[in-house]
Each structure stands twice: as C-alpha cells, then as structure tokens.
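Worksheet for the structure shown next.
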Amino acid sequence: QVQLVESGGGSVQSGGSLRLSCAASEFTMSTYCMGWFRQAPGKEREGVATIASEGTTTYAASVKGRFTISQDNAKNTFHLQMNSLKPEDTAMYYCATLYYIGDYDCFRPWADYNYWGQGTQVTVSS
C-alpha cells in the first residue's frame with residue numbers, strides 16, 4: 001500500500017506560479033505511474049499530467065506548455081510545476097499512483113488509479 005501526501009497548494013494571481021509536491025511512502029514494484037488530477041466544484045475529476053517510472057510524461061491539452069511533471073526517484077517525490085496559471089486552473093489537486101506490468105499508457109481515467117493523496121487546493125484569481 002502506497003501512502004501519498006501532497007503539499008504546495010495555495011492562492012495566486014493569474015499568471016503566477018505554484019509548485020505542488022507529492023511524497024510517496026514507498027513503491028513495492030519498479031513500474032508505476034504517478035498522476036496529477038484535479039477537480040473543480042461541480043466538475044468531473046480530470047487528468048492533468050502523468051509520469052511513468054521510466055520517465056515518460058503526458059499532459060492534458062489544457063496545461064501543455066505551462067505545467068511540468070517531474071520525479072525525484074531518490075526521495076520518492078513527485079512535483080508539478082505550474083506556470084502561467086489561469087483562473088480556470090482553480091481546483092483541488094490530487095496525486096495518485098498505480099502499478100503496471102508491460103506496456104502501459106499512464107494517461108488514463110482517474111478511476112484506474114488505486115492510491116490517492118488527500119488533495120491540495122489551488123486557487124487562481126483574475
């Protein structure tokens with residue numbers, strides 16, 4: 001069982017930046033996906049960015065070029081650098097992970113992810 005703890009949320013003005021972090025307790029398999037998801041009030045949870053254990057990254061079209069997902073393998077920590085933030089980026093952000101075997105596309109529905117953090121709020125004002 002992986003435990004995830006997010007940090008780094010907050011309130012910024014439009015155009016500002018925030019860096020979210022997700023600390024994982026441990027991974028018991030060498031192949032896993034780490035994803036950042038978000039959910040705004042009244043909206044469906046959506047994928048923002050994912051990274052596979054071997055390093056492949058994928059981004060939602062709405063954040064591509066503005067957000068960067070990265071991993072610090074030595075510390076089992078993942079980050080989401082968010083630049084040029086917009087009011088529509090306002091949401092609760094969650095990190096999540098799953099294990100996989102073989103070829104696997106990490107950018108997949110949130111329901112496929114097994115382990116979740118508690119979430120961190122990001123608010124962008126205009």
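FYI, the numbering just counts along the sequence from 1. Computed from a prediction, not measured in an experiment: that's the story for all the values here.
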Do [X] and [Y] land in one hydrophobic cluster if side-chain heavy atoms of ILVMFWY residues count as linked below 4.5 Å?
| X | Y | result |
| --- | --- | --- |
| Val124 | Val48 | yes |
| Trp36 | Trp110 | no |
| Leu80 | Val12 | yes |

Please output the side-chain donor-acceptor pairs of residues 20-29 that fall under 3.5 Å, not counting sequence neighbours, one pair per line with the distance.
unit_1, atom_1, unit_2, atom_2, d
Ser21, OG, His79, ND1, 2.9
Ser25, OG, Gln3, N, 2.9
Thr28, OG1, Tyr99, OH, 3.2

**Asked** Checking side chain to side chain contact (heavy atoms under 4.5 Å, CB included) for the pair Tyr32/Val2: CA distance, chi angles, key distance, verdict?
**Response** CA-CA 11 Å; Tyr32 53 84; Val2 182; over 6 Å; no

Look only at the side chain of [X] and the backbone of [Y], and say whether a donor-acceptor pair between them is shorter than 3.5 Å.
| X | Y | answer |
| --- | --- | --- |
| Ser53 | Ser30 | yes |
| Thr120 | Ser7 | no |
| Arg19 | Gln81 | no |
| Gln39 | Met92 | no |
| Gln121 | Gly10 | no |
| Thr58 | Phe107 | no |

For [X] versus [Y], what's the shortest heavy-atom pair and its separation?
| X | Y | answer |
| --- | --- | --- |
| Ala91 | Arg38 | CB-CB, 3.8 Å |
| Ser125 | Pro87 | C-CG, 4.5 Å |
| Tyr59 | Thr57 | CE1-OG1, 3.8 Å |

Open item on the list: For Arg108, give me all partners under side-chain contact (heavy atoms from CB on, under 4.5 Å), at least two apart in sequence or on another chain.
Closed with: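 Scan of Arg108 (side-chain contact (heavy atoms from CB on, under 4.5 Å), adjacent residues dropped) gives Leu98, Tyr104, Asp105, Asp112, Tyr113.
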
Can you find a pair of side-chain heavy atoms, one from [X] and one from [Y], that are under 4.5 Å apart?
| X | Y | answer |
| --- | --- | --- |
| Tyr93 | Glu6 | no |
| Leu85 | Leu18 | yes |
| Val122 | Met82 | yes |
| Ile69 | Phe78 | no |

_Assess the residue pair Arg45 and Tyr94 against the criterion (side chain to side chain contact (heavy atoms under 4.5 Å, CB included)); give the C-alpha distance rounded to whole Å, side-chain angles, the decisive distance to 0.1 Å, and a yes or no._
CA-CA 9 Å; Arg45 187 170 298 190; Tyr94 301 89; 3.8 Å; yes

Please lay out, stage by stage, how Glu54 and Thr56 fare under the test side-chain hydrogen bond (donor to acceptor under 3.5 Å, both in side chains). CA-CA 6 Å; Glu54 43 78 13; Thr56 300; 2.7 Å; yes

Is it true that atom CD of Gln13 has more than 12 heavy atoms of other residues, nucleotides or ligands lying nearer than 6.0 Å?
->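 Open.
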
* Can Asn83 and Ser17 be said to form a side-chain hydrogen bond (donor to acceptor under 3.5 Å, both in side chains), step by step? -> CA-CA 4 Å; Asn83 299 328; Ser17 298; 2.9 Å; yes

Original post:
Between Trp116 and Phe37, does the ring centre distance come in under 6.0 Å?
Top reply: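 Yes.
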
For residues 43-81, which residue pairs pass the disulfide (SG to SG under 2.5 Å) check, not counting sequence neighbours?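 Output for this query is empty, none listed.
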
- prompt: Once you round to the nearest 0.5 Å, how far does CD1 of Ile51 lie from SG of Cys106?
  reply: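 The SG atom of Cys106 is 9.0 Å from CD1 of Ile51, to the nearest 0.5 Å.
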
